[in-house]
Student: 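First the structure, which I've put down as structure tokens, then a few questions once you've had a look.
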2 protein chains.
Amino acid sequence: MSERGRVGILISGRGSNMVSLVEAMRSGAIDADPVVVLSNVPAAEGLRRAEELGVATEVVDHKKVKPRRAHDAAVVETLQRYRVDLVCLAGYMRLLTPVMVDAFRHRMLNIHPSLLPAFPGLDAQRQALEYGVKVAGCTVHFVDEECDHGPIILQASVPVHDDDTESSLSRRILEQEHRIYPQAVSRFFAGVRLEGRRTHAAP
Amino acid sequence: MSERGRVGILISGRGSNMVSLVEAMRSGAIDADPVVVLSNVPAAEGLRRAEELGVATEVVDHKKVKPRRAHDAAVVETLQRYRVDLVCLAGYMRLLTPVMVDAFRHRMLNIHPSLLPAFPGLDAQRQALEYGVKVAGCTVHFVDEECDHGPIILQASVPVHDDDTESSLSRRILEQEHRIYPQAVSRFFAGVRLEGRRTHAAP
């Protein structure tokens, strides 16, 4: 019997995707355990929620640990102390340095609220509305050096309605985020094969 | 009773989207008639199919009518002679000059086999596979000065499978093209309101 996977989750805010990941692991839908929730923001609401869920929490305050590389190094050190196999970014509002990217290459996932490669970066839902797309969605991908760019594990689409606001569209996308992020983590632990940028699930 | 809409369809190849548009108009699903199918390629297979469907055909050979602006002017003149209200590009493999774009601004549609703004230009399905997206699709949009760029009327998504080839993915997308292009034309004749880049269907 193989050991269960160990997952670290990084947040900066309320951590709704973190909660859906923790719940999926607890329910047995993912063959892994949430071993730490780490935030760069001491006041992040998600830290309280992680504590309520009984998950260890850590803070590496980006206002105290500088510069960026030193902050990333401290985050990496903390995650390694918890022996994480996989890092999940869940609303972690930091640009990553090579210190982080190299430490967890092909072992770090991010979720982004658009159908990448469309609308990378901030305010993806607003970008989508302003562009006038009729189909929006979300993407779980490996993290690489470029923002919102690494190989894609899963995507889900949602319709955009004529009367959508940023808020109504964001809600519809978030429902899909909560569905596919746990699926992507499950797929990761089942084994993902890379072929160029294409990812293939284990048979 | 208002007069029925008059649609001109431009093709360069086999014209499968042209056939789906003609059939939708003939079935009454669209309140408009196909008045001409025009090709820049005399040997285009779609011309034969248009003739079989009883639609008038025209050829403006881009190898004979040069330069590009003169060719576009001849196409515009032909379409105006048929008094078209709407021009539908259906695999029309030509870059358009302002002569065409200005003559039919907000009265010319194109269909593109990707979820724009992702993968504009040639070989969109191959671009999508190489990028490794898990959701692909197609887009019907107004034509403006930039390639595959104008305001979007409709989009449809399809899943990308792990074992997809360019050919299997193209087939899956084409099914959706044949579905949404007639819908978009129907929506055009029902009235489309523009708000920035966003399009709104008539209530």
Student: If only side-chain N and O atoms count, and only distance matters, is there a donor-acceptor pair under 3.5 Å linking A:K134 with B:T139?
Tutor: no

Student: Ignoring hydrogens and geometry beyond distance, is a side-chain donor-acceptor pair present between B:R172 and B:H161 at under 3.5 Å?
Tutor: yes

Student: Specify which of A:T199, A:L116, A:L154, A:V160 makes the most heavy-atom pairs with chain B at under 4.5 Å.
Tutor: A:T199

Student: Counting only non-hydrogen atoms closer than 4.5 Å, does A:P117 touch chain B with its backbone (N, CA, C, O), its side chain (CB onward), both, or neither?
Tutor: both

Student: Would a 4.5 Å heavy-atom cut-off, applied to side chains only, mark B:L109 and B:Y181 as touching?
Tutor: yes

Student: With only heavy atoms counted, which part of A:L115 is less than 4.5 Å from chain B, the side chain, the backbone, both or neither?
Tutor: side chain

Student: How many angstroms lie between CZ in B:R48 and CG in B:L53, if you round to the nearest 0.5 Å?
Tutor: 13.5 Å

Student: Any donor-acceptor pair under 3.5 Å linking the side-chain atoms of A:E58 with those of A:T78?
Tutor: no

Student: Please flag which part of A:A156 lies under 4.5 Å from any non-hydrogen atom of chain B: side chain, backbone, both or neither.
Tutor: backbone

Student: Against chain B, label A:H141 side chain, backbone, both or neither, depending on which of its atoms sit under 4.5 Å from a heavy atom there.
Tutor: neither

Student: Measure distances from A:L129 to the heavy atoms of chain B and classify the residue's part below 4.5 Å as side chain, backbone, both or neither.
Tutor: both

